[in-house]
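Here's the structure we're looking at; comments come further down.
Hydrogens, waters and symmetry mates are skipped; everything else that's a heavy atom, side chains included, is used. Along the sequence shown, the residues carry numbers beginning at 1.
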Amino acid sequence: LENLGVDVGHYKSIGKLKFFDAEFILTNFHIDGTVDESAFIDVIGLPIQAIKREFGKVRVFGEIVNVLWKNEEHAAAMHLEECWHNLCQAIDFSFLCSYSLESLDSTAFDESINLLCQYHKHLTPVHADLPAIENEDSILHGFGAAWNRVTEKLAASNPNQPTFSS
């Protein structure tokens with residue numbers, strides 16, 4: 001944000017910008033391998049609702065689901081996606097998230113992308129300059145092929161949802 005010219009310190013000082021550690025916050029509602037939706041509402045929903053009342057438009061960037069994906073807790077990740085989806089329906093706010101390719105099972109990219117499409121209206125693959133990962137080229141090629149298969153299949157079966165960027 002600072003590289004974009006945003007005065008992060010100012011917005012933090014007036015309460016318009018808040019940062020939370022994904023792994024830490026997850027411990028408040030991820031108990032014994034399951035997501036407690038009521039606790040999620042208390043920890044995530046109530047603060048979003050309060051910020052919305054005070055400032056109006058709210059944008060949330062979350063990587064909490066990705067933490068579960070990295071830990072191969074796919075059922076809990078999908079339940080958390082559902083919690084976010086339900087929260088977005090209850091409180092009007094923009095929710096952005098990201099998934100690391102490292103977190104997705106390269107042998108099941110199609111399945112992973114299908115699961116992600118259940119709760120996201122817009123998907124955009126982004127190649128970032130990150131530290132090299134083993135077999136990066138083959139992983140990117142596999143993901144790209146799976147991306148194309150899934151997006152073509154979804155576009156053919158449901159032209160209204162979701163939208164995809166290349």
Side-chain angles (χ1 to χ4, degrees), residues 1-105 112-113 115-134 136 139-140 143 147 151 160-166:
L1 290 173
E2 288 174 340
N3 290 341
L4 297 172
V6 175
D7 185 348
V8 171
H10 169 72
Y11 287 106
K12 284 174 67 176
S13 72
I14 62 172
K16 284 190 168 187
L17 183 62
K18 297 181 183 285
F19 293 98
F20 301 96
D21 180 83
E23 290 184 16
F24 174 75
I25 208 152
L26 183 60
T27 63
N28 291 281
F29 54 82
H30 181 245
I31 300 141
D32 297 326
T34 61
V35 173
D36 180 332
E37 190 163 4
S38 177
F40 171 81
I41 296 298
D42 290 345
V43 172
I44 302 289
L46 294 178
I48 289 173
Q49 196 170 37
I51 292 168
K52 183 162 178 65
R53 270 194 307 271
E54 186 171 351
F55 299 110
K57 188 170 185 118
V58 174
R59 290 182 184 93
V60 175
F61 174 81
E63 61 180 342
I64 302 170
V65 177
N66 192 48
V67 171
L68 294 172
W69 275 101
K70 282 183 179 180
N71 293 331
E72 297 185 12
E73 296 185 61
H74 300 137
M78 286 295 85
H79 184 214
L80 184 53
E81 283 282 12
E82 185 177 344
C83 292
W84 278 111
H85 177 77
N86 293 342
L87 187 60
C88 286
Q89 298 299 310
I91 306 170
D92 183 30
F93 68 96
S94 298
F95 179 60
L96 308 166
C97 60
S98 68
Y99 287 87
S100 167
L101 280 180
E102 296 173 274
S103 303
L104 302 176
D105 180 357
S112 297
I113 295 168
L115 289 171
L116 296 177
C117 288
Q118 289 180 24
Y119 296 106
H120 296 278
K121 292 180 182 177
H122 307 284
L123 300 172
T124 304
V126 177
H127 182 73
D129 292 325
L130 299 172
I133 57 175
E134 189 176 323
E136 180 178 5
I139 289 172
L140 289 173
F143 179 81
W147 178 266
T151 57
N160 296 326
Q161 283 227 13
T163 60
F164 304 96
S165 301
S166 298

Heavy-atom closest contact ([X] atom, [Y] atom, distance):
X     : Y     : value
Glu73 : Gly33 : OE1-CA, 3.8 Å
Asn28 : Ala39 : O-CB, 3.7 Å
His10 : Ser13 : O-OG, 2.6 Å
Cys88 : Phe95 : SG-CB, 3.7 Å
Phe29 : Ile44 : CE2-CG1, 3.9 Å

Side-chain heavy-atom pair [X], [Y] within 4.5 angstrom cut-off:
X     : Y     : value
Cys83 : Val35 : yes
Leu46 : Gln49 : yes
Leu1  : Tyr11 : no
Phe24 : Ile64 : no
Trp84 : Glu82 : no
Glu63 : Trp69 : no
Glu54 : Lys16 : no
Phe93 : Arg59 : no

From CG (Leu80) to CG (Leu26), nearest 0.5 Å: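 Taking CG in Leu80 and CG in Leu26, the distance rounds to 7.0 Å.
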Nearest-0.5 Å distance, CD1 of residue Ile51 to NZ of residue Lys18: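 Nearest 0.5 Å value for the CD1-NZ distance: 5.0 Å.
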Stepwise side-chain contact (heavy atoms from CB on, under 4.5 Å) check, Val8 with Phe19: CA-CA 11 Å; Val8 171; Phe19 293 98; 4.0 Å; yes
Asn71 side chain to Leu68 backbone, donor-acceptor under 3.5 Å: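 Judged by distance alone, no pair lies under 3.5 Å.
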Lys52 side-chain N/O to Asp92 backbone N/O, donor-acceptor pair under 3.5 Å: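 Yes, the answer is positive, given that a donor and an acceptor are paired below the 3.5 Å cut-off.
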Intermediate values then yes/no, side-chain contact (heavy atoms from CB on, under 4.5 Å), Asn86 and Glu37: CA-CA 10 Å; Asn86 293 342; Glu37 190 163 4; 3.2 Å; yes
